[in-house]
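Okay, so here's the structure we're looking at.
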Amino acid sequence: MDIKNRFTLKLKLLGAVILGLICIAAVALFGLKLWQQAKYSEDILVQFSTPEIKRSHFLQDLIYGFGYGGFIHNFKNYVLRKDVNYYYKAIDKAQITLDAIDAYLKLDLNEDQITNINLLRDTVVLYQEKLSIAHQLISNNLDIEQIDLKVRVDDTHAIQALGNIIAQTRSSVASTKQKAEENLQEFENLLVYFFTIIIGLLVLCFGYLVFTLSLLVSKYNEIEALFNASPYAIINANEKGLIIRANKKACELFDYQLSSLKKLCIDELVPDRYRATHHKKRTEFIQSYQHLAMQNRKSQLFAKNKHGQNIPVSISVASYWQNNEKRSIAIIKDDSKEIKLRSESRTDTLTQVGNRIACNEKLESNIAHSERYSTELSIILIDIDHFKNVNDKYGHLTGDQVLIQVAQLLKAHIRESDSLFRWGGEEFLIITPNTGQQQAAELAEKLRRLTQVHSFHDEFNITISLGITSYLHARDTSKSLFHRIDKALYQAKNSGRNTCCTL
Ligand SMILES: Nc1nc2c(ncn2[C@@H]2O[C@H](COP(=O)(O)OP(=O)(O)OP(=O)(O)O)[C@@H](O)[C@H]2O)c(=O)[nH]1
């Protein structure tokens, strides 16, 4: 992965993290708001309901003590029936009423409520006094009408006051209920917003997940397509070098079935003589923090196929992390065809020696070597004398055979370090590194003599003319060398042929 892609991926991850953090923050904030609202609603409910419950409780006591079946009822029954049980019941009820009134007065009351309850209290106290009077009069056996006249109390205002207290409590309960309902409504609204936001964020996250997954899938498909369509062999290996994946091209290159290839260690695909070194370098690479290996190598690499044959290859190796393991991926290019083509394009098809292109390349590299290491270098240009006559007399096919035989003869008598090329037509060129002019002249003379006595086509002899020249350090180029050797050969031809000339 190049730097730009890695940067884009990091940016996307950062975006996902920021989005995630924003989502979490939004949910947390809204959750906090919701909690606050719930707490507020609870406070309101507690704040409003507790006094109201107490108020209702005292009101109940008040009605029980004062209202129907209460104090007044017993008071009136006592006066009418003169039954002492009603007297005691009236005393009890009066006390209950006064206790309820005292408790009620301790509550947080408004002015109206205080006025009403005091009015009620005064009436009850007045009734208490009248009850004592009634008790005395009954003991004195006074007439009911006379007693009634003496103990009659005007309780219209007290009844009115009680009615007011009940009405106020009802309205207060109604307002508390309304407030609670409003809060509940607000809480419900907040809940709706909260869930809308949660669902929205979930949809967003899900969308992002689907988007990222589809991106990953398309990337995976792209890599799969590259892997399978690659014109190069691709092999994935784990830390131990075990092959875990290989493409079709790899199977073709090494001539293994995929299942067999996956049982091998990558070291087994390296020619025997390089295996130990390869194993060492691979181990070093795996332990290092490097991501690329075997890049830009100048020397030819070889791989070994199933049949033990060495295949010239170019290899790039990169590493990546998977499951806490440094894996490597090798891309292997088969160089066989390229090398064959390169060799063919530099070989003379008739004589099978190097052609002029190969000659030029070799001369340039030998000049560079000589220049760098100050070594001697000579070249010999050979031309078959009157070759036209051979063609004319024996035909072109025989002429071709003669050219092949001359190449073989010359090649057989030069050193391994020397190189023979067909310069063109019936001309050959020999490059002799580490050879001075004198030695080159001797070699040329030897070749001339050998050719002269060789029987070509088992029928006739031919002769050759040779030009010799040597590389002059810091002065010569390939062009000047060719120019000089051409002149040398020309001189040899002009000297009557079958001769050597050094310039
Ligand atoms: N058979 C055959 N003949 C070739 C080939 N290449 C060049 N020739 C012939 O080589 C001959 C060269 O002739 P010339 O350049 O006149 O030279 P020459 O006859 O050798 O005479 P000198 O070099 O002057 O001694 C020509 O007849 C070419 O046709 C080849 O590949 N095969």
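Positions are given from 1 along the sequence. Values below: all heavy atoms of this structure, side chains included; hydrogens, waters and symmetry mates excluded. Ligands are counted one by one from 1 in listed order, and the atoms in each one are counted from 1 as well.
Residue D383 has at least one heavy-atom neighbour below 4.0 Å for each of these atoms of ligand 1: 23 (O). Taking a cut-off of under 4.0 Å to the non-hydrogen atoms of I384, the atoms of ligand 1 that pass are 20 (O), 23 (O), 25 (O). Near G399, meaning under 4.0 Å from one of its heavy atoms, ligand 1 places the atoms 1 (N).
Inter-residue side-chain proximity for F227 and R245 is flagged as met; some heavy-atom pair is nearer than 4.5 Å. Counting heavy atoms from C-beta on, the side chains of F460 and K393 never come closer than 4.5 Å.
With respect to the salt-bridge test (charged N to carboxylate O, under 4.0 angstrom), the residues E344 and K340 qualify. With respect to K281 and E284, no salt bridge is recorded, no charged nitrogen being found less than 4.0 Å from a carboxylate O.
Taking only non-hydrogen atoms, the option from K388, R497, E426 nearest to atom 15 (O) of ligand 1 is E426. Comparing L403, L350, N389, N391 by heavy-atom distance to atom 29 (O) of ligand 1, the nearest is N391. Taking all heavy atoms of H396, H386, R422, E427 into account, the minimum distance to atom 25 (O) of ligand 1 is reached by H386.
Protein heavy atom closest to atom 2 (C) of ligand 1, with residue, atom name and distance, is D400 OD1, 3.3 Å. Of the protein's non-hydrogen atoms, the one nearest atom 6 (N) of ligand 1 is G425 CA, 3.3 Å. Summary of contacts: the protein heavy atom closest to atom 22 (P) of ligand 1 is K493 NZ, 3.4 Å. Scanning all protein heavy atoms for the shortest distance to atom 20 (O) of ligand 1 gives F387 N, 2.7 Å.
Using a distance-only test at 3.5 Å, with no hydrogens or angles considered, a donor-acceptor pair links the side chain of T347 to the main chain of S343.
Rounding to the nearest 0.5 Å places CZ of F285 at 15.5 Å from NZ of K280.
Taking the six-membered ring where the residue is Trp, H473 and Y471 present perpendicular rings, their angle passing 60° and hence far from 30°.
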